[in-house]
Amino acid sequence: MEKELDKAYDPKATEDRIYKMWEDGGFFKPTSATKPYSLNPKTYSIHLPPPNVTGSLHMGHALNATISDILIRYHRMNGDETVWFPGTDHAGIATQSVVDKQLKKEGINRWDLGREKFVEKVWEWREKYGNIIISQLKKIGASADWSRIRFTMDPEYAEWVKKVFIHYHEKGWIYRGKRVVSWCTACQTSLSDLEIEYKEEKTKLYYIKYPLQGEIATSTTEVGTRDDNSDVIASEEKQSYIIVATTRPETMLGDTAVAVNPKDDRYKNVVGKKVLLPIVGREIPIITDEKIDLTFGTGAVKVTPAHDLLDAEIGERHKLPFIQIINERGKMTAEAGKDFEGLKIAEAREKVVTELEKLGLIEKIEDYTHNLAICSRSATPIEPLLSDQWFLRMSEHPQVQSSKFKVESSGKSLRDSVLETIKSGETKIIPKNFEKVLTSWMENVRDWCISRQIWWGHQLPVFFCKKTLEANTKSQTLNPKQAEDFIVAAERPKTCPFCENCEMEQSQDVLDTWFSSALWPFAGLSEEDQKKFYPSSVLITARDIINLWVGRMIFSGLEFKGETPFPDVLIHATVLTKDGKRMSKSLGTGIDPIGLIEKYGADATRFGIIWQAMGTQDIHWDEAAVQAGKKFANKLWNIARFAQTRGADFKSDFPKSGLTPEDQEILGKLADLKKKTERGIGAYDFGQTIHKIYDFVWHELADVYIEKTKNRTDENVKIVLGGILADVLKILHPFMPFITEELYQRLIGGGVLITESWSGR
RNA sequence: GCGCCCUUAGCUCAGUGGUAGAGCGUUCCAUUCACAUUGGAAAGGCCGCAGGUUCGAUCCCUGCAGGGCGCACCA
């Protein structure tokens, strides 16, 4: 402790040693043997947004972790019973595709392996690589309680997932249905709306003539002579046509209607008539639907209920047949016709166009740019597909049946429970303008498709009668009555309640990853922790998962714990490149926080991140801020070195008399800094706060006070200088924990800074 | 189409109803001093544009332009 400080601060010689000291000392746990807490401690807790097991630390994590760690350390020092719950997410599709890729390198695919072996491989992969990000979070100084680490597929966590599924099912909020869902042909699974991204694509818009059938076909004069419809209804010789525009001509093989807007005068005469679907030779009706946009294309739309989400809606409304012409792997089915069966979508498109051209039924082809829906994981175009899926009701008020799982239910729909907790202010989103992101999504929310046809994840706690399944497979179509031959249960039933002599088969589907992530604020926590630390104090996250995750945690918390999971949701900035571009590994625009830590130290990296984190503004990343952090660390170090050589007194109370004007001035400014820091942390204004601390330390303490008092040797200056420095270490500790702890150990000692009282002396 | 955010020094960003601020960069000066990872100083701004409110607007209001983002559409 009396050993003189080196000339410069060396983070490499300090950080790992200090971190180990904290961890070995058990200081990350909510209570510490070295620190008696007050009789009625407040609790303070944060749940780490569980990173994917595929992940490694990026700037977003670094920002999130730094903010969380500041709050955690600040509250811990203030004597609150504080805990930061860490963990990782199994991240269904993301992890599965990583392992898929690895297997591909070995020349095998997951179907070669079979489900059981494949899942084993994923577990192996997770054991090996799944905690990289955890060790990286430690590097940055995250003081999370690693003894409480969870994984979204831990056994206790899985129990919660099952309980929740069963509970919703018993309430009648989970249902199974054959629906058109967004399907990824590469991942071979359904996706939710939120897993879809859009990419601009240049394509063609094909105008196809569908021959009108019946009487109208001959009354060309009436239809054809009107100016306003001459370009949408064509007549040649004795045949009239209705013209539809499409970017996907191959789907015409599955058309079961043509739809126009009921207000569209151009088609008044043909509504209710039929057209003959070219190539296929099927007669399909011309119907009206409000959802059709009069201004797009010709105003007439081909309706393919089995392969388009809007068309499916129209199809259901008008009770049209659903003809599936594309299968799960993106190939044409037998229903598409002999000539097309087995073709890829692109091949089928080409062939359909060629055929139509031969028949003279292509009116024109235009260049067209639109947003193509792609899978956010594989970037494969989304194929809307008819398939059996499980849904969680979001907005309706179904009758509540008795639930074996005893919870006080609000009786509100999941959607309404979120809207109300936001509206009442029980759950605050900070900054407030992000509330609208959540509420406007919720207001229009559709039922959540929670089933995925992948292998890595929580299998649905659903068991089918094997005999029924076999019968269904044979008949190809699902008999709705037979579809009910399943039960929802936590364990496989001993006897099948339907046929009484089969071993029931568990559903092959797994749950959407977010179904389990939604339970993060309580699932997998011990009973005691749930009692003590639910709700947590604040959720800290990025805005891109407000709907994907935050909203779902809120309704899960309200439904299962009867209370919002967190009164505050802090939406932090997104870290962009200096030019405001998205940071991305593939574009080479990413910044590696671990690289920064190695180059400048963890404290400097934290400083640099927080220095730039002002309000809601996205961060245009500037490494200069980290360099400033390194210089600042060194400045602090040298202030300490100066204090040490001048025999500063770090422990005595500030003298009440005999203070010079400059003593009084600096002490006044210190008191002001404490107040502002408390206020700043309370208001989540971290950037502002670190700027103020920086200004005080560098420009008030070093440049002014130390320069002015250099020649003084009285006792007061030793006490004032030492006391100010001791306080600065405390004030700064949540932001720059390593250097402050090191200086505390070297100069003051008698404890650990991490649990020192922040404000008292 | 609907909604949200941004526009201030060369760059990245704070800020306030009444002489405009920081970090980095630039220029000049200093240097056996706790720190060259330093100290002192300087240059550099119609605070996006146009109206309005006001004694007074960079700040409040309206409109416009440019940039970013979210949602919807995308036949």
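Chain letters run A, B, ... following the sequence lines, proteins first, then strands; residues in each count from 1.
- Nucleotide B/G39 has B/C29 as its partner under the Watson-Crick or G-U criteria, with both atom distances under 3.5 Å.
- Remark: C1' of B/C35 and OH of A/Y705 are 19 Å apart, rounded to the nearest angstrom.
- Atom name C1', nucleotides B/G67 and B/A30: the rounded distance is 44 Å, in whole Å.
- Put simply, CD1 on A/I690 is 18 Å from P on B/A22, counting in whole angstrom units.
- Side-chain contact, A/E662 with A/Y705: no donor N or O sits under 3.5 Å from an acceptor N or O.
- Using a cut-off of 4.0 Å between Lys/Arg side-chain N and Asp/Glu carboxylate O, A/D618 and A/R543 are scored as salt-bridged.
- When rounded to the nearest whole Å, the span between CZ of A/F434 and P of B/C4 equals 13 Å.
- Protein atom CZ of A/R641 is 12 Å distant from nucleotide atom C1' of B/U38, rounded to whole Å.
- Comparing the same atom, C1', in B/G18 and in B/C60 gives a spacing of 15 Å after rounding to whole Å.
- Rounded to an integer number of Å, the gap from A/K578 NZ to B/G23 C1' is 11 Å.
- A/W611 comes within 4.0 angstrom of sugar-phosphate atoms only, judged by non-hydrogen atoms across all strands, and of no base.
- Distances shorter than 4.0 Å separate some side-chain N or O of A/H620 from OP1 or OP2 on B/C13.
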Full working for side chain to side chain contact (heavy atoms under 4.5 Å, CB included) between A/K599 and A/E623:
CA-CA 11 Å; A/K599 201 165 160 194; A/E623 193 166 315; 3.2 Å; yes
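- Electrostatic pairing of A/R446 and A/E313 does not count as a salt bridge here, judged by no charged N lying under 4.0 Å from a carboxylate O.
- Checking B/G70 for Watson-Crick or G-U wobble geometry (two distances, each under 3.5 Å) identifies B/C2 as its partner.
- Closest approach of A/W621 to A/K578, counting heavy atoms only: O-CB, 3.5 Å.
- Going from the C1' atom of B/G23 to that of B/G15 covers 15 Å, rounded to whole Å.
- Considering only heavy atoms from C-beta on, A/I292 comes within 4.5 Å of A/I314 through its side chain.
- One atom, CD of A/E623, and another, P of B/U37, lie 17 Å apart when rounded to the nearest Å.
- No side-chain donor-acceptor contact under 3.5 Å links A/N638 and A/Y9.
- Counting atom types as modelled, A/K436 pairs no side-chain N or O with a base atom of B/C4 as donor and acceptor under 3.5 Å.
- In this model, the phosphate group of B/C69 is not approached by any side-chain N or O of A/R543 to a distance below 4.0 Å at OP1 or OP2.
- Nucleotide B/A34 forms no Watson-Crick or G-U wobble pair with any nucleotide shown, as no partner meets the under 3.5 Å limit on both distances.
- Nucleotides B/U54 and B/G3 place their P atoms 29 Å apart, quoted to the nearest Å.
- For the C1' atoms, the distance linking B/U62 with B/G10 amounts to 33 Å, nearest Å.
- Nucleotides B/C46 and B/C29, compared at atom C1', are 33 Å apart to the nearest Å.
- Between A/Q688 and the phosphate of B/G15, there is a side-chain N or O to OP1/OP2 separation shorter than 4.0 Å.
- Of the two residues contacting RNA chain B, namely A/K7 and A/K302, the nearest-nucleotide position lying further toward the 5' end is that of A/K7.
- Using Watson-Crick or G-U wobble geometry with both donor-acceptor distances under 3.5 Å, B/A22 finds its partner in B/U12.
- As the counterpart of B/A50, B/U62 is assigned, both hydrogen-bonding distances of the Watson-Crick or G-U wobble pattern falling under 3.5 Å.
- In this structure, A/T645 reaches neither bases nor backbone, as no heavy-atom distance under 4.0 Å exists between it and the strands shown.
- Using a 4.0 Å heavy-atom criterion, one finds that A/D544 contacts no nucleic acid atom at all.
- The side chain of A/K631 lies closest to B/U37 when the candidates are B/U37, B/G23, B/C4.
- At a threshold of 4.0 angstrom between heavy atoms, the contacts of A/R248 with the nucleic acid are absent.
- Looking at A/D663 and A/R712, a side-chain N of the basic residue comes within less than 4.0 Å of a carboxylate O on the acidic one, giving a salt bridge.
- In this structure, A/Y9 reaches neither bases nor backbone, as no heavy-atom distance under 4.0 Å exists between it and the strands shown.
- One C1' atom belongs to B/A57, the other to B/U16, and the distance between them is 11 Å to the nearest Å.
- The 5' end of RNA chain B is approached more closely, in terms of each residue's nearest nucleotide, by A/K635 than by the other of A/K635 and A/A245.
- If you take CD of A/E313 and C1' of B/C74, they are 15 Å apart, rounded to a whole angstrom.
- B/C59 sits 15 Å from B/G63 when the P atoms are compared, rounded to a whole Å.
- Considering only the side chain of A/K710, B/A34 comes nearest among B/G23, B/G70, B/A34.
- Across every strand in view, B/G56 sits unpaired, with no contact that passes the Watson-Crick or G-U test at under 3.5 angstrom.
- Residue contacts for A/H699: at a heavy-atom cut-off of 4.0 Å it reaches the sugar-phosphate backbone alone, with no base atom in range.
- Remark: A/W698 is in phosphate contact with B/G39, judged by side-chain N or O atoms under 4.0 Å from OP1 or OP2.
- With distances taken from any side-chain atom of A/N634 to the nucleotides B/A14, B/U37, B/G23, the minimum falls on B/U37.
- Looking at heavy-atom distances under 4.0 Å, A/I546 makes no contact with the nucleic acid at all.
- Between A/E4 atom CD and B/A34 atom P there is a gap of 11 Å when expressed in whole angstrom units.
- A salt bridge is absent between A/E678 and A/K675; no separation between the charged side-chain nitrogens and carboxylate oxygens falls under 4.0 Å.
- Distance from the side chain of A/L310 is smallest for B/C74 among the nucleotides B/A34, B/C24, B/C74.
- Residue A/N638 places its side chain closer to B/A34 than to any other of B/U38, B/A34, B/A14.
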